[in-house]
Enquirer: 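Below is one structure. I have some questions about it.
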Amino acid sequence: MSDRRRLRACCLALALLVGLVLVTKANSRRTDSVFTTTATPWEDVGGLSMASLEWTACSATHQCARLNVPLNYSEPQAEKAVIAIIRYPATVPADSPLYRGPILFNPGGPGGSGVAFIESAGPALAQLVGPEFDIIGFDPRGVARSTPRVSLFETDAERALWPVGPIRDLNASEDAVARHWARAQITGRLASETAASYLPHINTENTARDMLRIVEAHGREKLQYWGFSYGTVLGAVFASIFPDKVERLIIDGVVDTEDYFDTMWANNLIDADKALQTFFDGCFAAGPNGCAFYAPTPEAIAQNLTDLYETVRARPVPVRTASYYGLVDFELLHGTMLSILYAPLVYFDFISDALAALARGDGGPLLDAIAAAGPRPFECSCDSGKEQFEFLEQAALLAILCNDGRAVPFELDEAERHYKSVAKTSSFGSLFASIRIACSGWPDLPKKHFQGPVGGNTSVPLLIIGNTADPVTSLWAAKKTAKAFPKSVVLTQDCAGHSSLAAPSLCTRAYVRRYFLSGALPEPDTVCPVLMAGSVFRNEELETPVGEQETFSANERHVFDAFQAVQRKSWFGPPRFLL
Ligand SMILES: *[C@@H]1O[C@H](CO)[C@@H](O)[C@H](O)[C@H]1NC(C)=O
Ligand SMILES: *[C@@H]1O[C@H](CO)[C@@H](O)[C@H](O)[C@H]1NC(C)=O
Ligand SMILES: *[C@@H]1O[C@H](CO)[C@@H](O)[C@H](O)[C@H]1NC(C)=O
Ligand SMILES: *[C@@H]1O[C@H](CO)[C@@H](O)[C@H](O)[C@H]1NC(C)=O
């Protein structure tokens with residue numbers, strides 16, 4: 001792989017779905033891991049978790065700590081959950097009058113690791129919000145380094161053999177719905193057998209309460225927060241339960257919490273086809289030299305993609321490259337097309353090459369990129385007690401979303417109906433229809449926790465950010481959520497992609513920084529442009545965007561660098577499709 005390829009390939013990691021994480025069917029031989037946990041103190045600390053924050057250096061730039069919180073907030077003296085926390089410290093000293101305290105982040109999922117996110121993206125986020133703030137990530141209870149950790153299996157080998165991720169393409173075969181439903185019954189049984197003791201405590205309300213504990217452990221009363229994707233559910237729940245504990249709260253890439261707590265996942269994709277259209281239009285506008293998948297009209301490009309779906313459905317393309325092997329089939333191609341919509345600036349150029357190659361019968365470029373971006377390949381390290389964590393843990397994803405939402409007691413025929421109904425909402429509906437069905441075998445736990453409706457008069461109004469064409473969290477949901485929080489303001493970022501981190505915008509950055517510093521909100525109906533809006537396909541190398549580089553002002557360069565660093569670190573899980 002050339003360096004250029006490698007760079008883009010690493011950027012193919014994306015996809016919080018709301019943490020949408022698609023797992024390839026192929027097998028990777030990649031050896032570099034996304035990040036190592038060797039220097040983090042969680043393993044060493046063992047039982048000595050802390051009732052207050054005691055920071056330990058866990059890299060040259062970051063500090064880590066663990067915090068005890070009640071597993072059940074109604075029994076504060078009983079069992080504890082232990083929350084893993086990381087910080088990229090403010091460069092302004094804590095005793096300076098300029099110092100403004102911690103901002104907590106959540107990267108989405110649910111089930112996304114905030115520790116992994118801030119470990120990689122912390123410095124870039126600090127560039128966006130400013131040097132006055134500590135950048136704080138934490139693994140929500142149930143996730144990765146926090147305990148209890150959701151795990152449905154005794155060993156990694158079992159975990160690899162029975163994937164529990166909720167997203168499958170239900171249009172992949174005639175029996176896909178039935179199989180997905182049937183698997184969900186088994187996964188649910190495993191959950192009740194292996195996780196029963198702690199499972200009832202893994203939910204977003206408790207994580208919101210944990211966030212308040214983290215804030216208080218910093219010696220402060222109110223929360224400063226920026227949450228993306230599922231992180232907007234967490235932020236909205238916090239603001240609903242603790243409206244007078246809000247100092248600053250940004251929700252960005254907003255989920256419709258009503259749909260979420262109904263366990264429907266039926267309206268995430270409202271703008272997905274609008275985002276896909278920007279690919280067709282952009283490819284057409286770029287011309288045959290700018291876009292390898294060019295055809296004489298946007299409609300012809302769309303038709304070529306449809307043809308490609310049909311081709312690989314009928315004849316999956318076998319691929320063996322130097323590093324990788326697997327099939328390019330309908331499920332992989334369809335899932336990848338949704339995934340690339342998360343960050344057009346990063347992926348459109350690459351995917352046009354890969355689609356053109358695929359149209360020639362060569363699935364190598366597509367599979368190679370996914371392999372390079374992919375998760376840690378399965379390794380059965382039988383003598384190692386050390387946990388390895390992926391950015392998005394599928395079991396935690398499933399547990400949080402099934403626990404949070406209303407029970408899905410349905411039988412197969414209802415699953416079929418649900419699929420047909422969601423499939424109508426978008427050309428990607430067959431992917432998200434699987435999420436509700438994945439909860440259909442979940443243990444029947446009491447649902448006493450907060451399940452909405454969200455809303456409240458918060459001590460400081462919310463800043464709510466939505467993109468004009470976000471594939472999985474539409475602007476509509478941002479506006480709906482804003483209605484529940486009086487005085488909040490929706491800031492629209494004019495681009496395709498998921499959350500404001502999908503593209504660099506001087507304008508968005510300025511409003512975000514101003515909000516964190518003073519609480520001031522944009523005027524209602526403010527729309528922020530993004531850099532390089534018209535040049536997605538000419539962005540040959542993300543490192544040195546062709547032609548644009550010299551014309552960046554210092555501020556633009558600053559924001560572009562932050563965007564690039566966040567995206568390059570691939571903190572959104574890779575496009576992965578479950579077996
Ligand atoms: C939490 O504790 C309360 C009080 O003991 C109890 O009623 C409730 O069932 C517990 N919650 C869960 C999820 O176990
Ligand atoms: C399934 O995929 C085919 C393309 O292969 C498409 O024509 C059809 O509409 C899809 N069905 C649903 C229910 O999404
Ligand atoms: C796209 O469709 C056009 C016809 O509109 C055809 O000539 C061309 O070969 C197709 N290109 C690809 C890459 O499939
Ligand atoms: C906010 O406060 C107003 C005026 O006190 C009240 O009418 C409204 O119901 C409150 N809204 C929410 C969501 O609590």
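Just so you know, ligand 1 is whichever comes first in the structure, and atom 1 is the first atom listed for that ligand.
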Enquirer: Take atom CG in Asp175; do more than 12 heavy atoms of anything else shown fall under 6.0 Å from it?
Expert: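 Check passes, neighbour count above 12.
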Enquirer: Counting from 1, what ligand 4 atoms have a heavy atom of Gly456 closer than 4.0 Å?
Expert: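 It comes down to these atoms of ligand 4: 13 (C), 14 (O).
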Enquirer: Taking atom CZ of Arg315 as the centre, report whether more than 12 heavy atoms of other residues, nucleotides or ligands fall under 6.0 Å from it.
Expert: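 No, the 6.0 Å shell around CZ holds no more than 12 heavy atoms from other groups.
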Enquirer: Any chance CD of Glu174 has more than 12 other-residue heavy atoms, nucleotides or ligands included, within less than 6.0 Å?
Expert: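 Atom CD in Glu174 is not crowded, with 12 or fewer foreign heavy atoms closer than 6.0 Å.
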Enquirer: Within ligand 1, which atoms have a heavy atom of Asn72 less than 4.0 Å away?
Expert: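 With Asn72 as reference, the close atoms of ligand 1 come out as 1 (C), 2 (O), 3 (C), 8 (C), 10 (C), 11 (N), 12 (C), 14 (O).
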Enquirer: What residue and heavy atom of the protein are closest to atom 13 (C) of ligand 2, and at what distance?
Expert: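 The answer is Tyr419 OH, 3.3 Å.
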Enquirer: Using side-chain contact (heavy atoms from CB on, under 4.5 Å), reason through Leu355 and Met337 one step at a time and then give a plain yes or no.
Expert: CA-CA 10 Å; Leu355 291 176; Met337 288 312 295; 4.1 Å; yes
Enquirer: Students should be able to answer this: which protein heavy-atom is nearest to atom 8 (C) of ligand 2, and at what distance?
Expert: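 Going by distance alone, atom 8 (C) of ligand 2 is nearest to Asn171 ND2, 3.7 Å.
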Enquirer: What residue and atom, counting heavy atoms only, is the protein's closest point to atom 5 (O) of ligand 1, and at what distance?
Expert: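 Here the nearest protein heavy atom works out to Glu75 OE2, 2.6 Å.
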Enquirer: Can you confirm whether something in the protein, heavy atoms only, sits under 4.0 Å from atom 11 (N) of ligand 4?
Expert: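 When distances to the protein are checked, atom 11 (N) of ligand 4 has a heavy atom within 4.0 Å.
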Enquirer: Identify the closest protein heavy atom to atom 7 (O) of ligand 1: which residue and atom is it, and at what distance?
Expert: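 For this ligand atom, the closest protein heavy atom is Lys448 NZ, 4.9 Å.
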Enquirer: Do any nitrogen or oxygen atoms of Ser74 come within less than 3.5 Å of a nitrogen or oxygen of ligand 1?
Expert: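 In this structure, Ser74 places no N or O atom under 3.5 Å from an N or O of ligand 1.
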Enquirer: Starting from atom 14 (O) of ligand 1, which protein heavy atom do you reach first, and at what distance in Å?
Expert: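 Atom 14 (O) of ligand 1 sits closest to the protein heavy atom His201 CE1, 3.4 Å.
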Enquirer: Between Ala484 and ligand 4, which residue portion shows a heavy-atom distance shorter than 4.0 Å: side chain, backbone, both, or neither?
Expert: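 For Ala484, the contact with ligand 4 is made by the backbone alone.
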Enquirer: Take a 6.0 Å sphere around CZ of Arg406 and say whether it holds more than 12 heavy atoms from other residues, nucleotides or ligands.
Expert: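 For Arg406, atom CZ is crowded (more than 12 foreign heavy atoms under 6.0 Å).
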Enquirer: Taking NZ, NE, NH1 and NH2 as the nitrogens, is one of them in Glu331 or Arg168 under 4.0 Å from a carboxylate oxygen of the other?
Expert: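 Salt bridge between Glu331 and Arg168, a charged N being under 4.0 Å from a carboxylate O: yes.
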Enquirer: With Thr232, which of Leu462, Thr481, Val255 fulfils side-chain contact (heavy atoms from CB on, under 4.5 Å)?
Expert: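 Answer to the side-chain contact (heavy atoms from CB on, under 4.5 Å) test with Thr232 among Leu462, Thr481, Val255: Val255.
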Enquirer: In Å and rounded to the nearest 0.5 Å, what is the CG to OG1 distance from Asn68 to Thr147?
Expert: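 Rounded to the nearest 0.5 Å, the CG-OG1 separation comes to 8.5 Å.
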Enquirer: Give the numbers and elements of all ligand 2 atoms closer than 4.0 Å to a heavy atom of Arg313.
Expert: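 So the answer, numbered in order with elements, is 1 (C), 2 (O), 3 (C), 4 (C), 5 (O).
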Enquirer: Please state which protein non-hydrogen atom is closest to atom 4 (C) of ligand 4 and give its distance, to 0.1 Å?
Expert: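 Answer for atom 4 (C) of ligand 4: Asn457 ND2, 4.6 Å.
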Enquirer: For ligand 2, is any non-hydrogen atom under 4.0 Å from Glu310's backbone (N, CA, C, O), its side chain (CB onward), both, or neither?
Expert: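 Under 4.0 Å from ligand 2, Glu310 contributes side-chain atoms alone.
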Enquirer: So, is the end of the Arg248 side chain (NZ or CZ) under 6.0 Å from the ring centre of Phe516 and within 45° of the ring's axis?
Expert: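 No, Arg248 does not lie over the aromatic ring of Phe516.
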